[in-house]
Colleague: 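The structure is given below, and queries will be raised subsequently.
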Amino acid sequence: MPRSSHNTFEYLAETIREIQIGQTFSLVEDSTTPTIEPNKTNKGQVHTVRVSFSSGSSVRPSFYVERLKLWIHNQREARACLMQFRTLHISSAESQLTISTEQHCGTVIEYVARNPKCDRFVLLRNLMTGLDWLHDHDFVHGDIQGDNVFVKPDGLLYFGDFSPLRAPTRERLLQEPWLAPELHNPKVMRESLDDGWREYYGEFRKESDLFAFGCLVIHVYTGERPEPMRYPQVKNRKLNPADLMQPKRICSPKEKSCIPDEMQTVVDCMLRYRPRSRRTTTDLTKALWVRNPAHYLKVSASVPYVMARAQARALWRSGYQ
């Protein structure tokens, strides 16, 4: 039998109590909803997140808790670039969890506006290392954008709160049209018969995180979000993987003048229409640490194909049918 909203929240609360043991944040439990702390203080700013688990909420406690566990247990991991929690407030009356973070110096967009001469390349390269760490631990963030990436007092970037849902809501898709094209039209991916996407129903994946990161890079360098990307229309037939490889995104003049070539090469990989063509965070992170990212990505892309072809020939020669 499905759990009631009260029981599911109790499950969430009990799990958080277990997580809290040995952690540095404080846990507060009562029946009232906490008042929102002032966003700005003398020492910095505080980010507050509220997640509702009431009967009308689409957040699943079991899904959210597993993600919260990994986040809390690794928030002190330097490579992960995760927001660090200060207080978790559990309100049993309203089935709501309120999270307050450590002090920060504002969002990355606010930071670069105040410090126009800051090294954006180094900031984003370090943040890309954090995304690689998350994906290496099979964690999809789902909410990477300029307003959800913050700056620590030491000048490093870190990710804000992750998406509590498996897939974006319709309201979010309308409010954030720059999200990955497959999130707006998952049917195209299912009908394209692309490997690994035949049962895709619009959930966040690592590929959509990469697309969002590419949009973040453009926002940080230009101060503007990129134009929305949608799949091309093909008459009288369904799209296939080859169709998703054909359309090329055209960079705006402002992007060409503001974004260095080394970073633009990586952004072009992130913002491809076909999700499988966006490479991996490991490849893109390595590309940002070499002198010629374009050459590195070209060479590294050919390795899996050559290896697969050699393995196929060996299998054929062995007489396997």
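This chain uses plain numbering: 1 for the first residue, then up along the sequence.
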Colleague: Compare every heavy atom of Val267 with every heavy atom of Gly214, then report the nearest pair and how far apart it is.
Modeller: O-CG1, 4.2 Å

Colleague: Kindly indicate whether the side chain of Thr98, heavy atoms from C-beta on, has any atom under 4.5 Å from the side chain of Val49.
Modeller: no

Colleague: Does the ring centre of Phe204 sit less than 6.0 Å away from the ring centre of Phe211?
Modeller: no

Colleague: Among residues two or more places apart or on two chains, list those pairs meeting salt bridge (Lys or Arg N to Asp or Glu O under 4.0 Å) that have a residue in residues 280-289.
Modeller: Arg279-Asp283

Colleague: Please find the pair of heavy atoms, one from Asp268 and one from Cys251, that lie closest to each other, and give the distance.
Modeller: OD1-SG, 3.9 Å

Colleague: Walk me through it: do Cys81 and Leu157 pass the test side-chain contact (heavy atoms from CB on, under 4.5 Å)?
Modeller: CA-CA 7 Å; Cys81 300; Leu157 302 184; over 6 Å; no

Colleague: Identify the heavy atoms of Leu173 and Pro168 that sit nearest to each other, and give their distance.
Modeller: CD2-CG, 3.8 Å

Colleague: After noting the C-alpha distance and the side-chain angles of Asp147 and Arg225, does the key distance pass the salt bridge (Lys or Arg N to Asp or Glu O under 4.0 Å) rule?
Modeller: CA-CA 11 Å; Asp147 297 333; Arg225 292 187 173 96; 3.0 Å; yes

Colleague: Can you find a heavy atom in the side chain of Leu127 that is under 4.5 Å from one in the side chain of Leu131?
Modeller: no

Colleague: Please list, chain by chain and in numerical order, all residues satisfying salt bridge (charged side-chain N to carboxylate O under 4.0 Å, His left out) with Asp161, sequence neighbours excluded.
Modeller: none

Colleague: Closest approach of Leu183 and Ser208, non-hydrogen atoms and distance?
Modeller: CD1-CB, 4.1 Å

Colleague: With sequence neighbours left out, what residues match His137 under ring pair (Phe, Tyr, Trp, His ring centres under 6.0 Å)?
Modeller: Trp133

Colleague: Side chains of Ser58 and Leu165: closer than 4.5 Å at any heavy-atom pair?
Modeller: yes

Colleague: Using 0.5 Å steps for rounding, measure from the CZ atom of Arg50 to the OG atom of Ser100.
Modeller: 9.0 Å

Colleague: Hydrophobic clustering (ILVMFWY, side-chain heavy atoms < 4.5 Å, transitive) - are Leu88 and Val59 grouped together?
Modeller: yes

Colleague: Say whether Ile144 and Trp178 are linked into one hydrophobic cluster, either directly or through other cluster members, by side-chain heavy-atom distances under 4.5 angstrom.
Modeller: no

Colleague: Do Leu210 and Met128 have side chains that get closer than 4.5 Å, going by heavy atoms?
Modeller: yes

Colleague: What residues, two or more places apart in sequence or in another chain, satisfy salt bridge (charged side-chain N to carboxylate O under 4.0 Å, His left out) together with Arg79?
Modeller: Glu77

Colleague: Report yes or no: does His89 contribute a side-chain atom to a donor-acceptor pair with the main-chain N or O of Gln96 at less than 3.5 Å?
Modeller: no

Colleague: Indicate yes or no: at least one non-hydrogen side-chain atom of Leu97 is less than 4.5 angstrom from one of Ile90.
Modeller: yes

Colleague: Is a side-chain N or O of Tyr221 found less than 3.5 angstrom from the main chain of Phe121, in a donor-acceptor match?
Modeller: yes

Colleague: When His141 is tested against each of Tyr158, Phe162, Phe159 for ring pair (Phe, Tyr, Trp, His ring centres under 6.0 Å), which residue passes?
Modeller: Phe159

Colleague: Apply side-chain hydrogen bond (donor to acceptor under 3.5 Å, both in side chains) to Asn115 and list each qualifying residue two or more places apart in sequence or on a separate chain.
Modeller: none

Colleague: So if I apply the salt bridge (charged side-chain N to carboxylate O under 4.0 Å, His left out) rule between Glu182 and each of Arg278, Lys187, Arg276, which one comes out positive?
Modeller: Arg278

Colleague: Are a donor atom and an acceptor atom from the side chains of Asp143 and Ser163 found within less than 3.5 Å of each other?
Modeller: no

Colleague: Indicate the atoms forming the closest heavy-atom contact of Pro228 with Pro177, along with that distance.
Modeller: CB-O, 3.3 Å

Colleague: Indicate the ring-plane relationship of Trp71 and Phe85, choosing parallel, tilted or perpendicular according to the 30° and 60° boundaries.
Modeller: parallel

Colleague: Using salt bridge (charged side-chain N to carboxylate O under 4.0 Å, His left out) as the criterion, list what pairs up with Glu14, not counting sequence neighbours.
Modeller: Arg17

Colleague: Does any N or O in the side chain of Glu255 come within less than 3.5 Å of the main-chain N or O of Ile218, such that one atom is a donor and the other an acceptor?
Modeller: no

Colleague: If you round to the nearest 0.5 Å, how far is CG of Asp119 from CZ of Arg125?
Modeller: 8.0 Å

Colleague: State plainly whether one hydrophobic cluster holds both Leu284 and Leu124, where clusters connect Ile, Leu, Val, Met, Phe, Trp and Tyr through side-chain heavy atoms under 4.5 angstrom apart.
Modeller: yes

Colleague: Under the rule for side-chain hydrogen bond (donor to acceptor under 3.5 Å, both in side chains), what residues qualify as partners of His135, not counting sequence neighbours?
Modeller: Asp209

Colleague: Apply salt bridge (charged side-chain N to carboxylate O under 4.0 Å, His left out) to Glu176 and list each qualifying residue two or more places apart in sequence or on a separate chain.
Modeller: Arg172

Colleague: Could you see if Phe63 belongs to whatever hydrophobic cluster contains Ile99? Use Ile, Leu, Val, Met, Phe, Trp, Tyr and a side-chain cutoff under 4.5 Å.
Modeller: no

Colleague: Gln45 and Glu110: side-chain contact (heavy atoms from CB on, under 4.5 Å), yes or no, with the steps?
Modeller: CA-CA 12 Å; Gln45 301 181 40; Glu110 297 170 344; 4.1 Å; yes

Colleague: I'd like to know if Phe213 and Trp289 are part of one continuous hydrophobic network [Ile/Leu/Val/Met/Phe/Trp/Tyr, side-chain heavy atoms within less than 4.5 Å].
Modeller: no

Colleague: Listed by chain and number, what are the side-chain hydrogen bond (donor to acceptor under 3.5 Å, both in side chains) partners of Asp261, not counting sequence neighbours?
Modeller: none

Colleague: So do the side chains of Leu70 and Asp138 get within less than 4.5 Å of each other, counting heavy atoms only?
Modeller: no

Colleague: Please state whether the rings of Phe150 and His104 are parallel, tilted or perpendicular, taking 30° and 60° as the class boundaries.
Modeller: tilted

Colleague: Tell me whether the count of non-hydrogen atoms from other residues, nucleotides or ligands lying under 6.0 Å of CG in Leu174 goes above 12.
Modeller: yes

Colleague: Mind checking side-chain hydrogen bond (donor to acceptor under 3.5 Å, both in side chains) for Thr285 and listing every partner two or more places apart, or none if nothing turns up?
Modeller: none

Colleague: Could you list all the salt bridge (Lys or Arg N to Asp or Glu O under 4.0 Å) pairs where at least one residue sits in residues 64-74, not counting sequence neighbours?
Modeller: Glu66-Lys69

Colleague: Determine yes or no for a side-chain-to-main-chain donor-acceptor pair under 3.5 angstrom, with Thr101 supplying the side chain and His47 the backbone.
Modeller: yes

Colleague: Glu227: which residues meet the side-chain contact (heavy atoms from CB on, under 4.5 Å) condition with it, sequence neighbours left out?
Modeller: none

Colleague: Could you check if a side-chain atom of Gln75 sits within less than 4.5 angstrom of a side-chain atom of Glu102, using non-hydrogen atoms only?
Modeller: no

Colleague: Can you give me the closest heavy-atom contact between Pro275 and Trp197, atom names plus distance?
Modeller: CB-CZ2, 3.3 Å

Colleague: Are any of the side-chain heavy atoms of Met263 and Leu288 separated by less than 4.5 Å?
Modeller: yes

